[in-house]
Amino acid sequence: MPEGPELHLSSRFVNLVCKNRIFGGQIIKSDVSRQPVVEWEAPHYTISAESRGKEVKLTLTSQSDAQNDRLQTTSNEKPRTLNIVFQFGMSGKFDFYEAGELMKHAHLNFFTVDEPKMVLSFVDYRRFGKWQVGADWSEERGPCVLFEYPKFRENVLNNLNKPLFNRSICEVMLNQQYFNGIGNYLRAEILYRLKIPPFVSARSVLEPLVANIADDTDQPKIKIEGPDFLHLCHLVPLEVINLGGTGYDPVKGGESYSAFEKWLQCYCKPNMKNMADHNKRTIWYSGQAGPMAPTEVKVRGKKQSRKKIKKEDQSEVKKIKLEEKSTSENEDLKEIIVKSNKQNSATEDNVDVAQVEELKKESGKKKMKLQKSRVEEKNGNAVSDLKVSKHTSVTDLKLSDYPTDGTRVTRSRVKVFLNQAGLKLKSSQKDGATAENKETKIKKRSARGKRGN
DNA sequence: CGTCCACGTCTAC
DNA sequence: TAGACCTGGACGG
């Protein structure tokens with residue numbers, strides 16, 4: 001799910017599905033999650049959401065029991081609220097569906113009180129996502145590129161003296177202290193729109209903009225054609241929001257995703273180039289890489305048609321001499337920026353409600369992916385009385401359930417074994433929690449040419 | 001089987 | 001500037 005637009009669409013999704021709904025009871029966290037438990041037990045509460053950059057804040061508000069005209073005391077108590085701030089990692093998202101069985105990888109779950117019982121789940125199969133209870137937006141992250149544009153712009157332009165901005169523009173764009181909401185696909189799309197080579201110094205791109213620091217008006221003091229770089233850091237993610245789908249959410253066959261794929265002009269496109277940046281993140285671009293490109297360039301296999309390019313450049317390390325290291329780069333760049341294409345002005349913030357309704361339906365279809373519910377577990381229906389079902393996962397298995405022919409228990413073997421049993425691999429059993437595990441890992445590493453021992 | 005790759009942070013040599 | 005943290009899909013042999 002997760003760059004700025006996806007987080008925002010997620011917050012809208014939450015607001016939509018939680019509207020006029022009352023939640024209650026315990027908030028259930030999965031066992032495998034290492035994130036904090038949410039201590040909040042209100043008989044009745046509501047949920048609303050808000051996004052900022054790459055964070056989503058849920059606000060729980062307890063409802064007074066006035067309507068329940070009870071003699072009990074609770075009605076006089078404070079109308080409490082609790083904030084939970086989420087980061088989505090690589091795979092986090094919210095889902096809303098009929099309670100009963102929880103989705104696989106559902107790590108934090110909020111239940112409605114009314115029938116049919118529904119559940120709002122934070123679902124995150126890679127578990128890089130995080131949440132903080134009772135927190136606010138994290139201090140380390142800058143203003144949101146989407147919804148705090150003037151502040152965002154100022155924050156960047158007032159800090160250009162920082163050494164960070166000596167680095168290449170594509171790498172600086174992932175720094176959330178300044179570009180809160182920009183991620184790997186957005187940086188590619190934004191640079192591509194302006195034909196800015198990814199590996200030119202950030203300062204050289206940004207310094208020309210200082211004259212227009214507070215460019216929240218549409219009247220820049222220096223006349224340029226079309227939106228400038230910082231402007232696009234705002235407009236391009238807005239475009240994704242206005243696509244109305246779920247943004248980058250590769251649910252195959254999902255229609256909203258194909259709209260998103262169509263929208264992409266550069267990221268993962270077969271006619272574009274790519275290489276790993278200094279952080280080993282793939283940057284997609286066209287034209288020149290720029291003078292600050294890593295000298296040993298690793299080209300990643302193209303996403304779509306790896307087969308086709310088989311023998312050519314598939315995952316090979318190529319030493320590429322970067323042709324022009326010209327120092328006149330700055331001058332070139334200014335030209336480039338001024339030449340920037342006129343941009344389709346993204347209309348303001350409005351996603352079709354009907355489309356979000358679509359989302360709801362889609363999430364209803366996902367019942368196949370359900371996991372043995374922890375609620376069941378609580379009711380004494382222990383997971384340990386393991387039956388082979390699609391809802392069972394590796395963490396439910398004991399070591400003795402694994403093949404015992406003496407061979408290594410590798411992750412792949414576990415996968416195969418489970419497939420035979422109709423199961424799926426899950427969570428903390430990665431490479432098999434055996435003694436051999438460590439050896440295997442080390443072997444793997446040294447095989448990769450890294451100093452393993 | 002194994003290897004590589006993925007929308008993102010984090011910390012530790 | 002490597003890795004760690006994770007799961008799982010695509011693809012290679």
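Because the structure is predicted, anything quoted here is derived from the model rather than measured. Every chain is numbered from 1, with letters handed out A, B, ... down the list of sequences.
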What's the [atom1]-[atom2] distance between [X] and [N], to the nearest Å?
| X | N | atom1 | atom2 | result |
| --- | --- | --- | --- | --- |
| A/Glu3 | B/dC7 | CD | P | 8 Å |
| A/Asn279 | B/dC10 | CG | P | 14 Å |
| A/His105 | B/dA6 | NE2 | C1' | 15 Å |
| A/Asn274 | B/dC5 | CG | P | 9 Å |
| A/Gln177 | B/dT9 | CD | P | 13 Å |
| A/Asp277 | B/dC7 | CG | P | 10 Å |
| A/Tyr125 | C/dC5 | OH | P | 18 Å |
| A/Tyr248 | B/dA6 | OH | C1' | 6 Å |

Is the closest side-chain donor-acceptor distance between [X] and [Y] under 3.5 Å?
| X | Y | answer |
| --- | --- | --- |
| A/Asp95 | A/Ser121 | no |
| A/Thr246 | A/Glu6 | no |
| A/Ser91 | A/Asp124 | yes |

Among [options], the one nearest [X] by side-chain distance:
| X | options | answer |
| --- | --- | --- |
| A/Arg141 | B/dT9, C/dA2, B/dC7 | B/dT9 |
| A/Tyr267 | B/dC7, C/dC5, B/dC10 | B/dC7 |
| A/Lys54 | C/dC6, B/dT9, B/dA6 | B/dT9 |
| A/Lys104 | C/dG8, C/dA2, B/dC10 | C/dG8 |

Short side-chain N/O contact to [N] OP1/OP2 from [X], under 4.0 Å:
| X | N | value |
| --- | --- | --- |
| A/Ser91 | B/dC7 | no |
| A/Arg281 | B/dA6 | no |
| A/Gln176 | B/dG8 | no |

Taking the [atom1] atom in each of [N] and [M], what is the distance between them to the nearest angstrom?
| N | M | atom1 | value |
| --- | --- | --- | --- |
| B/dA12 | C/dC6 | P | 14 Å |
| C/dC5 | B/dC13 | P | 12 Å |
| B/dC4 | C/dA2 | P | 16 Å |
| C/dG13 | B/dC5 | P | 15 Å |

May I ask you to check whether A/Phe88 and A/Phe122 place their ring centers less than 6.0 Å from one another? yes
Under 4.0 Å, heavy atoms only, any strand: does A/Arg187 hit a base, just the sugar-phosphate, or nothing? nothing
Please figure out whether A/Glu140 or A/Tyr185 has its closest DNA chain B nucleotide nearer the 5' end. A/Tyr185
Base paired to C/dA10 (Watson-Crick or G-U; both N/O distances under 3.5 angstrom): B/dT3
For the residue pair A/Lys195 and A/Tyr192, would you count it as a cation-pi contact if the rule is NZ or CZ under 6.0 angstrom from the ring centre and within 45 degrees of the ring axis? yes
Looking only at N and O atoms, is any donor in the side chain of A/Arg126 or the base of C/dC6 less than 3.5 Å from an acceptor on the other one? yes
Just do the side chain to side chain contact (heavy atoms under 4.5 Å, CB included) check on A/Phe23 and A/Arg21 with the steps written out, would you? CA-CA 7 Å; A/Phe23 291 77; A/Arg21 282 211 149 87; 4.1 Å; yes
By a 5.5 angstrom centroid cut-off and a 30 degree plane limit, is there stacking between A/Phe128 and B/dG8? yes
